[in-house]
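Everything below concerns the one structure shown next.
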2 protein chains.
Amino acid sequence: MKQTKRKQLETKGWKIGTAADFLGLTPEEAFIEMKMSLSRSLKEMRQRKHLSQTAFAKLIKSSQSRVAKMETGSASVSIDLLIKSLLALGASQKDLAKAIRSKSKVA
Amino acid sequence: MKQTKRKQLETKGWKIGTAADFLGLTPEEAFIEMKMSLSRSLKEMRQRKHLSQTAFAKLIKSSQSRVAKMETGSASVSIDLLIKSLLALGASQKDLAKAIRSKSKVA
DNA sequence: TGACAATATGTCACATCTGGCATATTATTT
DNA sequence: AAATAATATGCCAGATGTGACATATTGTCA
């Protein structure tokens, strides 16, 4: 739905589906977006610390392959793991909140 | 971390290391805090919509017992499930970001 | 180019999470 | 108080996520 139309409806007292789909995202899509966002944040933080995937994997007692999967947004990675990893890198809850909100670039 | 709070968490199935507690949140504790925060948000949103746990469970194709576990902060619930549930209730990523940052009160 | 480090992908046994059911506990209504 | 609704807790089989390993691909530098 277009922004303009939504605004018109809202000023007329309509309450349209909330939120998650404000930008046209279904809950599932929003969920995926969030994962991708966390993925990117993780990669950025790791690189900023000059850690290889292997070194980081050791740090969080995981494996290089799983770190790679985290950073490429593989479906086999849970948000739990992403968040635990980010926290291990020193991310604050504030950082995570920010990461969750940042959108992915569509090109 | 307060003794009373620790006890409550333990009865929910959480296992917390006993090591350095007073010096702020360990990543593990921060992780638990986040979950508790999401739990509270979920309960609030559901109640605001006047849905029983049973009705909400049907909505997200889960069970009343799991919804109860989500809201009581059981350790057997993943952040993935909490977030999916919140999104299903219409939470925006902004809402989630907010939820993640707010501290949980156990007392 | 070749050698080497970093990252990506596939597979799998094992661990954790999930839904559903039964049942217990707590609130609400009559 | 009894009946009823709502919520909580325990359990378990099946689903999903995990670490680890092998191997492939990509990147970098001599």
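Numbered from 1 within each chain, the chains take letters A, B, ... in sequence-line order.
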Minimum-distance nucleotide (side-chain atoms of [X] versus [options]):
X: A:Arg46; options: C:dG19, C:dT7, D:dT7; result: C:dT7
X: B:Ser78; options: D:dA8, C:dT9, C:dC17; result: C:dC17
X: A:Ser52; options: C:dT9, C:dT7, D:dT7; result: C:dT7

Exercise for review: Test salt bridge (charged side-chain N to carboxylate O under 4.0 Å, His left out) on B:Lys84 and A:Glu28 and set out the steps.
Suggested key: CA-CA 8 Å; B:Lys84 280 179 188 168; A:Glu28 302 84 61; over 6 Å; no
So what does [X] touch, heavy atoms closer than 4.0 Å: a base, only the sugar-phosphate, or nothing?
X: A:Val77; answer: sugar-phosphate
X: A:Lys58; answer: nothing
X: B:Ser65; answer: base
X: A:Ser76; answer: base

Check your understanding: Taking OP1 and OP2 of D:dT16, is either one under 4.0 Å from a side-chain nitrogen or oxygen of B:Lys84?
Key ->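 Answer no for this pair, as no side-chain N or O of B:Lys84 is under 4.0 Å from OP1 or OP2.
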Check your understanding: Hey, is the side chain of A:Gln64 poking within less than 4.0 Å of OP1 or OP2 on C:dA8, counting only N and O atoms?
Key ->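 No, because none of the side-chain N or O atoms of A:Gln64 sits under 4.0 Å from OP1 or OP2 of C:dA8.
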Starting from [atom2] on [N], measure out to [atom1] on [X] and report it in whole angstrom.
X: A:Ile83; N: D:dG17; atom1: CD1; atom2: C1'; answer: 15 Å
X: A:Met70; N: D:dG19; atom1: CE; atom2: P; answer: 6 Å
X: A:Leu51; N: C:dT7; atom1: CG; atom2: C1'; answer: 15 Å
X: A:Glu71; N: D:dT26; atom1: CD; atom2: P; answer: 18 Å
X: B:Asp80; N: D:dT18; atom1: CG; atom2: P; answer: 8 Å
X: A:Phe31; N: D:dG17; atom1: CZ; atom2: C1'; answer: 12 Å

Is a donor-acceptor contact shorter than 3.5 angstrom present between the side chain of [X] and the base of [N]?
X: B:Lys61; N: C:dG20; answer: no
X: A:Lys69; N: D:dG17; answer: no
X: A:Ser63; N: D:dC21; answer: no

Practice item. Look at B:Glu71 together with B:Arg40 and state whether they make a salt bridge at an N to O cut-off of under 4.0 Å. Key: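 Judged by the 4.0 Å cut-off on N to carboxylate O distance, B:Glu71 and B:Arg40 do not form a salt bridge.
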**Study point:** Nearest-nucleotide 5' precedence on DNA chain D, A:Ile60 against B:Arg66
**Key:**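 The 5'-side residue here is B:Arg66.
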Check your understanding: Toward the 5' end of DNA chain C, which comes first, B:Leu82 or A:Val67, by nearest nucleotide?
Key ->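 Here A:Val67 is the residue nearer the 5' end.
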**Study point:** Residue pair B:Ala91 / B:Leu87: nearest heavy atoms and the distance that separates them
**Key:**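 Answer, listing the atom of B:Ala91 first, then B:Leu87: O-CD2, 3.4 Å.
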Check your understanding: Between A:Met70 and A:Ser39, what is the shortest heavy-atom contact and its length?
Key ->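 Result for this residue pair: O-OG, 2.6 Å.
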Review point. In this structure, which one of A:Thr26, A:Leu25, A:Ile79 forms a side-chain contact (heavy atoms from CB on, under 4.5 Å) with A:Phe31?
Key: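 Only one of A:Thr26, A:Leu25, A:Ile79 forms a side-chain contact (heavy atoms from CB on, under 4.5 Å) with A:Phe31, namely A:Ile79.
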